[in-house]
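Right, one structure below, let's go through it.
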Amino acid sequence: MSHDFNERTLRRGTLSYKWDQGEKLFGDPEVLPLWVADMDFKCAPAIVRAVNERAAQAIYGYTIRTEEYVQAITGWFRRRHHWDIDAAWLTDSPGVVPSLSIAVQSLTEPGDAVILQSPVYNPFYDVIQKNGRKLAESPLLLKENRYEMDYDRLEELMKDGAKLLLLCSPQNPGGRVWTKEELVRLGDLCVKYDVKVVADEIHCDLVLPEHRHFPFASLSEAFAERTVTCLAPSKTFNIPGLQTSFTVISNRELKRKFDRMIEALGIGSVNFFGPSATMAAYNESEDWLDGLLGYVKANQEFAVRYLDEHLPELTPVPSEGTYLLWVDCRKLNHSSAELKRLMYKEAKIAFNEGSLYGKNGEGFLRINLACPRDLLKEALDRFSSAVKHREKQ
């Protein structure tokens with residue numbers, strides 16, 4: 001079945017976090033938003049049908065998870081990622097970010113050092129610092145326009161007593177899909193220094209052709225025994241508003257600690273639409289995802305060509321996964337504030353400004369490619385015109 005990803009859908013006026021905050025966030029309601037990571041594509045038809053059928057029941061009561069729901073999850077990861085997940089390892093949560101926070105709270109003590117590798121998804125900073133833990137930063141190394149882990153720095157932080165590492169895999173915003181060898185080298189350090197790992201793998205299904213995602217916990221029993229893996233169908237199938245997510249924890253003691261915190265916070269119930277949407281996604285929407293990945297790859301190629309032709313001073317970092325494009329704008333010699341003004345006031349577009357993801361993200365922009373190509377072109381046209389206009393002044 002073919003799917004039309006070129007269709008532009010009106011999202012303004014729909015209570016959209018992405019489209020209905022132009023005035024509040026950027027000072028102009030007409031700013032074109034290619035920032036927060038949700039897609040401007042309609043969901044897979046099977047998901048739409050499942051949600052409509054569920055809504056038609058007309059009573060939106062407390063909801064249980066069924067064996068069919070669990071099998072949809074385990075079957076998906078067996079097929080797509082060659083990972084056999086035991087149903088007993090699963091815990092439902094309202095989202096990956098809450099899971100990250102709960103893992104930090106349950107696996108560390110106030111004042112403990114927690115490692116992150118920047119530039120990285122900005123809630124990583126929040127779940128460390130706002131929970132009273134100490135930030136231990138290991139900046140990624142940008143070598144030949146490709147990010148690599150700094151293993152020497154990682155080992156130094158582990159030697160100094162860091163208790164936990166937050167792993168973003170695939171990496172957001174840089175788009176790296178870590179190789180098996182890279183992950184094993186990281187895991188060996190964690191085993192050596194007894195560091196536990198919280199792996200945010202929400203983008204695991206959004207890996208572009210020629211690359212493969214390796215679930216960190218699947219690589220060895222020793223890695224699995226120290227890992228909390230945070231997952232959801234939300235990014236893959238554009239259903240973040242349904243707040244359906246889960247963790248995979250094979251270590252019984254770690255799972256007991258995590259589950260106890262879920263219970264203490266009272267957030268373990270399942271969203272009314274979550275199981276139905278998840279089953280429709282994992283059981284019936286694989287062809288939609290394959291079509292999406294081809295479209296996103298073509299969008300990335302279009303954006304890279306466009307920037308090379310119109311803004312050659314900008315350097316895109318080729319993404320291996322996610323539907324995001326990380327662009328090095330440092331040759332413009334603009335501060336973070338100037339880049340924001342250039343986008344919001346002059347170009348009337350909103351990409352994500354890079355310092356949001358850490359100090360070494362300054363001078364970069366993150367572009368959401370999960371939109372119809374004509375919308376992407378319109379945003380790039382606006383940005384290119386604004387840059388050239390400023391250069392003439």
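Any value given below was found using the heavy atoms of this structure, including those in side chains, with hydrogens, waters and symmetry copies removed. Being a predicted model, the structure only gives us computed values, none of them experimental.
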* Asked: Using 4.0 Å as the upper bound for N to carboxylate O, is an ion pair formed by D188 and K192?
  -> no

For residues 21-32, run the donor-acceptor check on the side chains, cut-off 3.5 Å, and write out each pair with its distance to 0.1 Å, sequence neighbours left out.
| from | atom 1 | to | atom 2 | distance (Å) |
| --- | --- | --- | --- | --- |
| Q21 | NE2 | Y17 | O | 2.9 |
| D28 | OD1 | E30 | N | 2.8 |
| D28 | OD2 | K348 | NZ | 2.8 |

Check your understanding: Should the ring pair Y121 and F124 be called parallel, tilted or perpendicular, given that the plane angle runs from 0 to 90° and is split at 30 and 60?
Key -> perpendicular

Open item on the list: Do R366 and Y357 form a cation-pi contact, if we require the NZ or CZ to be under 6.0 Å from the six-membered ring centre and within 45 degrees of the ring's axis?
Closed with: no

Q: Determine whether N368 and V36 make a side-chain contact, defined as any pair of heavy atoms from C-beta on separated by less than 4.5 Å.
A: no

- Are I367 and L376 close enough that some pair of their side-chain heavy atoms sits under 4.5 Å apart? yes

- Query: With a 4.5 Å heavy-atom cut-off, do L380 and F302 have their side chains touching?
  - Reply: yes

Indicate whether any N or O donor in one side chain lies under 3.5 Å from an N or O acceptor in the other, for Y323 and N238. no

TODO: List the steps and the verdict of side-chain contact (heavy atoms from CB on, under 4.5 Å) for E338 and L332.
DONE: CA-CA 10 Å; E338 288 172 328; L332 294 179; over 6 Å; no

For residues D374 and N6, determine if any side-chain heavy atom of one lies less than 4.5 Å from a side-chain heavy atom of the other. no

task: Run the ring-centre check on F246 versus W76 and record whether the distance is less than 6.0 Å.
output: no

Item to complete: Report yes if the side chains of L116 and I128 come closer than 4.5 Å at any heavy-atom pair, otherwise no.
Response: yes

**Study point:** Side chain proximity check, E7 to F41, heavy atoms < 4.5 angstrom
**Key:** no

Exercise. Are Y295 and W288 near enough that their ring centres are under 6.0 Å apart?
Worked result: no

Within the distance-only criterion (no hydrogens, no angle test), does the side chain of R11 pair as donor or acceptor with the backbone N or O of S16 below 3.5 angstrom? no

Is there side-chain contact between L311 and F383, with at least one heavy-atom pair below 4.5 Å?
yes

>> Counting C-beta onward and ignoring hydrogens, is there a side-chain heavy-atom pair between K235 and V96 closer than 4.5 Å?
In response: no

Exercise for the section: Check whether any side-chain N or O of R153 sits under 3.5 Å from a backbone N or O of E137 as a donor-acceptor pair, and report yes or no. Expected result: yes

